[in-house]
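Only this structure's heavy atoms are used, side chains among them; waters, hydrogens and symmetry mates stay out. Predicted model, so just to flag it, every value in this text is computed and none were measured. A, B, ... follow the sequence lines: proteins, then strands. Residue 1 opens every chain.
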Amino acid sequence: MKKPSIPKGTRDFSPVEVTRRNYIMDTIKGAFHNFGFQPIETPSFENSETLMGKYGEEGDRLIFKILNSGDYLRKVDDATYTEKDSGKLTPKISEKALRYDLTVPFARYVVQHQNDITFPFKRYQIQPVWRADRPQKGRFREFYQCDADVVGSTSLWQEVEFVQLYDTVFNKLKLDGVTIKMNNRKILSGIAEMIGAEDKLIDFTVALDKLDKIGEEKVKAEMLEKGISQDAIEKLKPLFSVSGNASEKLATLKTLLSVSTIGMEGISEMECIVNAIETLKLSAATLEIDVTLARGLNYYTGAIFEVAAPKNVAMGSIGGGGRYDDLTGIFGMKDMSGVGISFGLDRIYLVLEELDLFPKTVTANTRVLFINFGEKEALYAMQAISALRKEGIPAELYPDSTKMGKQMGYADKRDIPFVVLAGESEMSDGNYTLKNMKSGEQLKLDRAQLLSKLK
RNA sequence: GUGGUUGUAGCUCAGUUGGUUAGAGCGCCUGAUUGUGGUUCAGGAGGUCGUCGGUUCGAGACCGAUCUUCCACCCCA
């Protein structure tokens, strides 16, 4: 018989994995609450028109489309069918699609429920999203995002709080050495303006983003290839060597971008955030200015964040976010600024695993197993089990009265620390024999003693 | 979506230039041990070699397609 399997890029989670994932999720949730965010949930699939075109051309390709139900092909006209143009056929046979991220559904939620929402609205959302990508290490086709966003406030204090939120979570997870990289879309625009390549902003930033990965020369080559002039690239030169701490970098940028109003605006925003964080201090993370950071440009308009795992772990970013002044604009609601961040649960899991940072605490395991000696003995055991459970001590009875070796082996394999043996002789004395599986020590106890011993 | 890579027992993997009945370790089951697990010993079960097709007298091995794994690109958590 063919062995069953699961689709590419999806995973099953074992009890240990679920426990560990819950540990991360509970930590993040706790911090979200602590910072005043409220939870919402949205459907796992949306109308296609809600998602399509919101993530760029590449995004559209990676959205999982859901086939219409019924005899969907019959409703397609012959011309469209014969043409075999997927782009034209898809909207006719698919009207729903799986959630691709949590930000766009959130924007939809805000616009749809605007009359019931009190602004500024701080929401968090922890749900799976789906991408039809090719899986790699730390990249799956089904994965969880943990997002926190605020809409309805342009205050830079939000950005400051998000930096603190990142720091709080990583501190609680004992994950030291993460770097929160920060940039600002306005600075990128300013640079493009300065070199006279405003129209090539996206191409220019995508190339710039690769600086630490492929090096200065290759970045220049890619820019040249995208039609950015040699002259313009020359003007970028000082940018490649911006160094020092945050304040020093800002000072350098100020002289470089003095000609650009928008660039200066970005610098002053970053300055505000950096100054606040310098006073408030971070404990687990470092805030770093990185003018080459350029993610999510399809909607970010101000601050851009990306969190890098500690340097000794080979892992891409474990979180990201930014400010988007007009996210709800795509659904017809103007002047609603938003800013938010996201935690990559699956990647954080891999990092904690690699650094052996999961707490050793005994997982929500059974504390005591009662050996089953038969009907009468099982009933006797159940009385003690009920009493233990009432005290909050996880206890269970081996369901079948099979050979003792098998029952003991079960306790051993499941790492259950105590076993109770209660057969005829114990029953007649009103006792229970408690065995410590680690030391092998055995004690005869009455029910009250058993309870206090297992507490 | 582009290029490469991987698939043999429940798990980790051997398997020679194509040649008879495909192996090991771990795990599992049974017994030594009918009220004592983790150790030891003896025995046992388990595989249409990812799938489909092709070459050949003969394919786990060679060829093609497809699925899967991992990697790079693209992009991203």
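A straight line from CD1 of A/Ile63 to C1' of B/C76 spans 14 Å, rounded to a whole angstrom. Atom OH of A/Tyr300 and atom C1' of B/C76 are 11 Å apart (whole Å). Distance A/Arg11 CZ to B/C70 C1': 15 Å, rounded to the nearest Å. Atom CZ in A/Arg139 sits about 12 Å away from atom C1' in B/C71, given to the nearest Å. Rounding to whole angstrom units, CD of residue A/Gln136 and P of B/C71 are separated by 6 Å. A/Asp60 places its CG atom 15 Å from the C1' atom of B/C74, with the value rounded to the nearest Å. As a whole-Å value, the separation of A/Leu293 CG from B/C75 C1' is 15 Å. In this structure, A/Asp203 atom CG and B/C74 atom P are separated by 13 Å, rounded to whole Å.
For the C1' atom pair drawn from B/A77 and B/G38, the interatomic distance equals 42 Å after rounding to whole Å. Nucleotides B/G18 and B/C62, compared at atom P, are 8 Å apart to the nearest Å. Here the separation of B/U40 from B/G27, taken at their P atoms, is 8 Å to the nearest Å. Going from the P atom of B/A14 to that of B/G25 covers 16 Å, rounded to whole Å. For the C1' atoms, the distance from B/A9 to B/G4 is 30 Å, rounded to whole Å. Using P as the reference atom, B/G60 and B/U8 are 15 Å apart when rounded to the nearest Å. When the P atom is compared between B/A65 and B/U6, the two are found 15 Å apart, to the nearest whole Å. Taking atom C1' on both nucleotides, B/U56 is separated from B/C63 by 12 Å, rounded to a whole Å.
Residues A/Thr10 and A/Tyr100 each lie close to RNA chain B; by heavy-atom proximity, the contact nearer the 5' end of the strand is made by A/Thr10. For A/Glu58 and A/Asp346, each mapped to the nucleotide of RNA chain B holding its nearest heavy atom, the one lying further toward the 5' end belongs to A/Glu58.
Residue-level contact check: A/Phe343 touches neither bases nor backbone, having no heavy atom under 4.0 Å from any strand. In this structure, A/Ser342 reaches neither bases nor backbone, as no heavy-atom distance under 4.0 Å exists between it and the strands shown. Among the protein residues, A/Gly9 comes within range of the sugar-phosphate backbone only, with heavy atoms under 4.0 Å from sugar or phosphate atoms but none that close to a base.
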Once base and sugar-phosphate atoms are separated, protein heavy atoms under 4.0 Å mark nucleotides 29-39 of chain B, 5' to 3', with B, S and - as S-S---BBBB-

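For A/Arg61, the side-chain hydrogen bond (donor to acceptor under 3.5 Å, both in side chains) partners are A/Glu58, not counting sequence neighbours. Listed by chain and residue number, nothing satisfies the side-chain contact (heavy atoms from CB on, under 4.5 Å) test with A/Ser428 (two or more places apart in sequence, or in another chain). A/Asp167 meets the side-chain hydrogen bond (donor to acceptor under 3.5 Å, both in side chains) test with A/Ser283; sequence neighbours excluded. Scored by the side-chain contact (heavy atoms from CB on, under 4.5 Å) test, A/Thr179 finds A/Lys181, A/Glu288, A/Ala308, A/Lys311 as partners (sequence neighbours excluded). Applying the side-chain contact (heavy atoms from CB on, under 4.5 Å) criterion to A/Tyr410, with sequence neighbours excluded, gives A/Leu369, A/Glu396, A/Tyr398, A/Arg414. Evaluation of the ring-ring contact (aromatic ring centres under 6.0 Å, His included) rule for A/Phe170 yields A/Phe343 as partners, not counting sequence neighbours. Residues that satisfy the ring-ring contact (aromatic ring centres under 6.0 Å, His included) test with A/Phe37, not counting sequence neighbours, are A/Phe162. For A/Tyr324, the side-chain hydrogen bond (donor to acceptor under 3.5 Å, both in side chains) partners at least two apart in sequence or on another chain are A/Asp149.
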Return one dot-bracket line describing RNA chain B 5' to 3' (Watson-Crick or G-U wobble pairs, both distances under 3.5 Å; ( ) same strand, [ ] crossing, | another strand, . none).
((((..(..((((.....[...)))).(((((.......))))).....(((((..]....))))))..))))....

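Considering only side-chain N and O atoms, A/Lys210 lies under 4.0 angstrom from the phosphate OP1 or OP2 of B/C75.
Side-chain atoms of A/Leu188 and A/Tyr300, non-hydrogen and from C-beta on, never get closer than 4.5 Å to each other.
Between A/Phe358 and A/Tyr23, the ring-plane angle classifies as perpendicular under the 30° and 60° cut-offs.
With a 6.0 Å radius and a threshold of 12 heavy atoms from other residues, nucleotides or ligands, A/Glu216 has its CD atom above the threshold.
Judged as a ring-ring contact (aromatic ring centres under 6.0 Å, His included), the pairs with a partner in residues 415-455 of chain A (not counting sequence neighbours) are, in order, A/Tyr380-A/Tyr432.
Judged by distance alone, the side chains of A/Thr433 and A/Gln442 never bring a donor and an acceptor atom under 3.5 Å apart.
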Distances under 3.5 Å between protein N/O atoms and the N/O atoms of nucleotides 1-3 of chain B, please, pair by pair.
residue : atom : partner  : partner atom : Å
B/G1    : N7   : A/Arg61  : NH2          : 3.4
B/U2    : O4   : A/Arg134 : NE           : 3.4
B/U2    : O4   : A/Arg134 : NH1          : 2.7
B/G3    : O6   : A/Arg134 : NH1          : 3.0

